[in-house]
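Throughout, a chain's letter reflects where its sequence line sits, starting with A, and its residues are numbered from 1.
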Amino acid sequence: MGQPFKIDARDGQARAGVLRCAHGDVRTPAFVPLASNASVRGLLPGEVAELGYDMVLGNTFHLFITPGADYVAAAGGLHRFMGWDGPIVTDSGGFQVFSMGHGSVADEIKGRRDGRRSMVHEISEDGVRFQSYTDGGERFMGPETSMQVQAKLGSDIALAFDECTPFHADRTYTMRAMERTHRWLDRCIAWHGEHAPASQLLYGIVQGGVHEDLRRESTDYVAQAAVDGIAIGGSLGQGKEQMREVVGWALRGLPDERPRHLLGIGDVDDILHAVAAGIDSFDCATPTRLARHGTALVPDPTRRWRLDLTKGASAGSDEPIATGCPCPACRSHTRGYLHYLARHDELTGARLITLHNLTFMAELMAGLRAAITAGALAAYTDKVLAGEAPDSASDSCAQLAGHNCPNELQAVRTSACCRAGTARCRRSAAGRCRGRRARRRCRRHRRRAARARRPRSPSGPRAAAGTGPSGGCARCA
RNA sequence: GCGGACGUAGCUCAGCUGGUAGAGCUCUCGGUUGUGGUCCGAGCGGUCGCGGGUUCGAGUCCCGUCGUUCGCC
């Protein structure tokens, strides 16, 4: 097939273009909302399109488990099934298999926690045997399975089946998994070439964890492969600095003319950096998942672009989430109302905040496309990083002093970077308080001290015996 | 009126034969980047209904009292 990706404008490494798919064009850089289970949770397909999205992401793994590829195929394919007639990219299921093996994806991929009970029974050259989360039965998925499911779903873009290695995997395991993923890629290409609809594009996935040489090797391998686009996956490290470094390694040597997708990334600052580095599309759970849990995206870098509406601060507020935002939540409703809805798990709240967050992301991406076209990406990036609403790309750049300073970036993400330090500080301040029992004991001591300080009737037999730290108690003495 | 059961954190309740008051939920604060309408941390919060008594020591045993509830007159 011809070259599906056309780059219309460049600004540094960044590109703005159009990805031509069987069901229409995708304007890039693009954010792709998640519709893992054939639904952008809470929204109608028409609403997603109206917000300015060209493509959504379905998930091979989820749809394979339920309702099954044949069920969707019998309904006329994923587009007709879910009522979305625009482009769809389907994730291959490799990541989900990985996440089942390690409990929490988010924690494990960042190296924050050890793996838990695994639902993965075996990873072999053939593929992965795992336990279904719905009925507990054993299932199998390999490169051919994934490709076949994606062919039956009829997505516009299929992703190759990969193994996403966790942060804690050692270099040897990461390397072997990467090499196996490369062999799986060849099998995906072979199956896809023979059986998949000609119009379906195929992306290869770069792995290699946080190791520079492995990332380069993987990039080279995927770059020489007969794929229509390249996705960057796997563990991108523990923090944003490391992620940017790893993405940089993965991008080096990629063919310029093919589209690049960064899997699973969606924080505002991460998108700004990745677009500047040459990424064309993103998918991420954050905007929609945060919305369902009551957090709205706002133009405020000091709060990591987040406003938790469930917090008391929004109670009774008559402000909108963001002044000037054109979304239904901001046009017609107050933070106070959304606070109430979110507190009580009202579906309307999840829906309104989802509409808002996707509006925010759509404006961010539209602004990026316009800025690249106008050759003003740096100015636009600076404005967004300075906390201005992400929809104005044409104005000149007001340089934000020190926004690139690593320390300031670190301050922005205090939780991610400084949390360990804070915990350490607390513990060392408490001296002996290491471990749960010790901490509890300390709390008790604090309570006892507080109780002793509290004025208490000195008369009565208990007071006489019980006030001192060890008064009369044989065990304490 | 008589008899029984029960009063412990904001809520629902654990606390064995007396030995430094606990859990779950709520609440507050963090976190949650290829989505399980989640999940993971931490924190705040108790005059153990009230008053006596026994004991070195009482949520726990004894007496009284108030309240809730069930049953019987």
Side-chain angles (χ1 to χ4, degrees), chain A residues 32-37 39-42 57-62 65-66 89-100 103-110 112-113 116 133-134 159 162 164 203 205 231-237 240 243 261-271 274 281-295 304 306 308 310-313 343 345-347 349-351 354 413-416 418-419 422-423 426 436 439-441 443-445 447-448 450-451 454-457 459-466 469-477:
Chain A
V32 184
L34 265 52
S36 301
N37 288 303
S39 156
V40 177
R41 293 192 213 286
L57 181 142
N59 197 290
T60 301
F61 174 80
H62 293 102
I65 296 283
T66 178
V89 53
T90 40
D91 196 358
S92 65
F95 179 80
Q96 281 65 38
V97 167
F98 151 79
S99 71
M100 284 195 312
S104 163
V105 182
D107 286 333
E108 178 49 38
I109 202 168
K110 299 285 186 193
R112 283 194 286 261
R113 196 169 45 168
R116 282 195 262 159
Y133 62 85
T134 52
L159 297 193
D162 64 329
C164 182
Y203 278 30
I205 301 181
I232 297 171
S235 174
L236 300 174
K240 288 172 185 285
M243 183 189 81
H261 182 92
L262 184 55
L263 284 161
I265 294 304
D267 283 2
V268 173
D269 52 340
D270 295 336
I271 287 181
S281 57
F282 305 84
D283 69 281
C284 188
T286 299
T288 41
R289 185 204 280 146
L290 281 179
R292 266 179 277 121
H293 302 142
T295 294
R304 301 172 60 232
R306 293 175 189 191
D308 188 341
T310 67
K311 299 287 188 245
R343 277 287 186 115
D345 295 323
E346 284 291 340
L347 294 179
R351 196 174 123 67
T354 298
R413 57 188 170 84
T414 46
S415 46
C418 303
R419 186 179 47 186
T422 307
R426 263 193 213 126
R436 185 173 155 78
R439 280 200 301 278
R440 281 175 58 190
R441 198 168 159 191
R443 196 175 63 184
R444 280 185 187 148
H445 287 164
R447 280 186 182 168
R448 270 175 60 173
R451 206 172 299 145
R454 206 179 290 151
R456 197 169 177 173
S457 167
S459 64
R462 293 183 207 179
S470 58
C473 171
R475 283 196 179 185
C476 292

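For A:Asn37, the side chain to side chain donor-acceptor pair (under 3.5 Å) criterion is met by no residue, not counting sequence neighbours. Checked against side chain to side chain donor-acceptor pair (under 3.5 Å), A:Thr286 has no partners two or more places apart in sequence or in another chain. Residues meeting the side chain to side chain donor-acceptor pair (under 3.5 Å) test with A:Arg351, sequence neighbours left out: A:Glu47. With sequence neighbours excluded, the residues forming a side-chain contact (heavy atoms from CB on, under 4.5 Å) with A:Ala285 are A:Leu34, A:Arg289, listed by chain and number. Under the side chain to side chain donor-acceptor pair (under 3.5 Å) criterion, A:Asp308 pairs with A:Thr310, A:Lys311, sequence neighbours left out.
In this structure, A:Leu262 reaches neither bases nor backbone, as no heavy-atom distance under 4.0 Å exists between it and the strands shown. Across all strands, A:Asp91 comes closer than 4.0 Å to base atoms (heavy-atom distances). Residue contacts shown for A:Asp270 include a base, since a base heavy atom lies under 4.0 Å away. Contacts of A:Thr286 with the nucleic acid, taken as non-hydrogen atoms under 4.0 Å apart, involve only primed sugar atoms and P, OP1 or OP2.
Comparing B:U32 with B:G49, their P atoms sit 43 Å apart, to the nearest whole Å. When the P atom is used for both B:G1 and B:G19, the distance is 37 Å, rounded to whole Å. Taking the C1' atoms as reference points, B:U12 lies 16 Å from B:G45, given to the whole Å. Rounded to whole Å, the P atom of B:C39 lies 29 Å from the corresponding atom of B:U8. If you take atom P in B:C73 and the same atom in B:C56, they sit 48 Å apart, rounded to whole Å. Remark: the separation of the C1' atoms in B:G43 and B:U60 is 30 Å, to the nearest Å. B:A5 and B:C62 have their P atoms separated by 11 Å, with the value rounded to a whole Å. Taking the P atom of each, B:C6 and B:A42 are spaced 35 Å apart, rounded to whole Å.
The interatomic distance linking A:Ile271 (CD1) with B:U33 (P) rounds to 13 Å, in whole Å. Distance A:Asp308 CG to B:G30 P: 8 Å, rounded to the nearest Å. Separating the CZ atom of A:Arg41 from the P atom of B:G36 is a distance of 7 Å, rounded to the nearest angstrom. We find that NE2 of A:His261 is positioned 15 Å from P of B:U33, with the value rounded to whole Å. Atom pair A:Arg292:CZ and B:G36:P shows a separation of 9 Å (rounding to whole Å applied). Taking atom CG of residue A:Leu34 and atom P of nucleotide B:U38, one finds them 18 Å apart after rounding to whole Å. Atoms CG (A:Asp283) and P (B:G34) sit 7 Å apart, rounded to a whole Å. Rounded to whole angstrom, the span from the CG atom of A:Asp345 across to the P atom of B:U38 amounts to 7 Å.
Between A:Arg343 and B:C27, a side-chain N or O to OP1/OP2 separation shorter than 4.0 Å is present. At the phosphate of B:G36, OP1 or OP2 sits under 4.0 Å from a side-chain N or O atom of A:His62. Remark: A:Arg304 is in phosphate contact with B:U32, judged by side-chain N or O atoms under 4.0 Å from OP1 or OP2. Phosphate contact (OP1/OP2 of B:G31, side-chain N/O of A:Arg306, threshold under 4.0 Å): absent. The shortest distance between the side-chain N/O atoms of A:Lys311 and the OP1/OP2 oxygens of B:C29 is below 4.0 Å.
Here the straight-line distance linking atom OG1 of A:Thr90 with atom CG of A:Leu57 works out to 7.5 Å at 0.5 Å rounding. Atom CG of residue A:Asp283 and atom CG of residue A:Leu262 lie 8.5 Å apart, to the nearest 0.5 angstrom.
Between A:Asp267 and A:His293, the residue whose closest nucleotide on RNA chain B is further toward the 5' end is A:Asp267. Taking the nucleotide of RNA chain B with the nearest heavy atom to each of A:Gly312 and A:Leu290, the more 5' of the two is matched to A:Gly312.
Put simply, the side chain of A:Asp162 and the base of B:G34 share a donor and an acceptor less than 3.5 Å apart.
Across every non-hydrogen atom of A:Ser36 and A:His62, the tightest pair is CB-ND1, 3.6 Å. Between A:Tyr203 and A:His261 the shortest heavy-atom distance is CE2-CB, 4.0 Å.
For A:Ala285, taking side-chain heavy atoms from C-beta onward, the closest of the listed nucleotides B:U38, B:G34, B:U33 is B:G34.
Consecutive Watson-Crick or G-U pairs involving RNA chain B, each under 3.5 Å on both distances, make up stems of three or more pairs at B:1-7 with B:66-72, B:10-13 with B:22-25, B:27-31 with B:39-43, B:49-53 with B:61-65.
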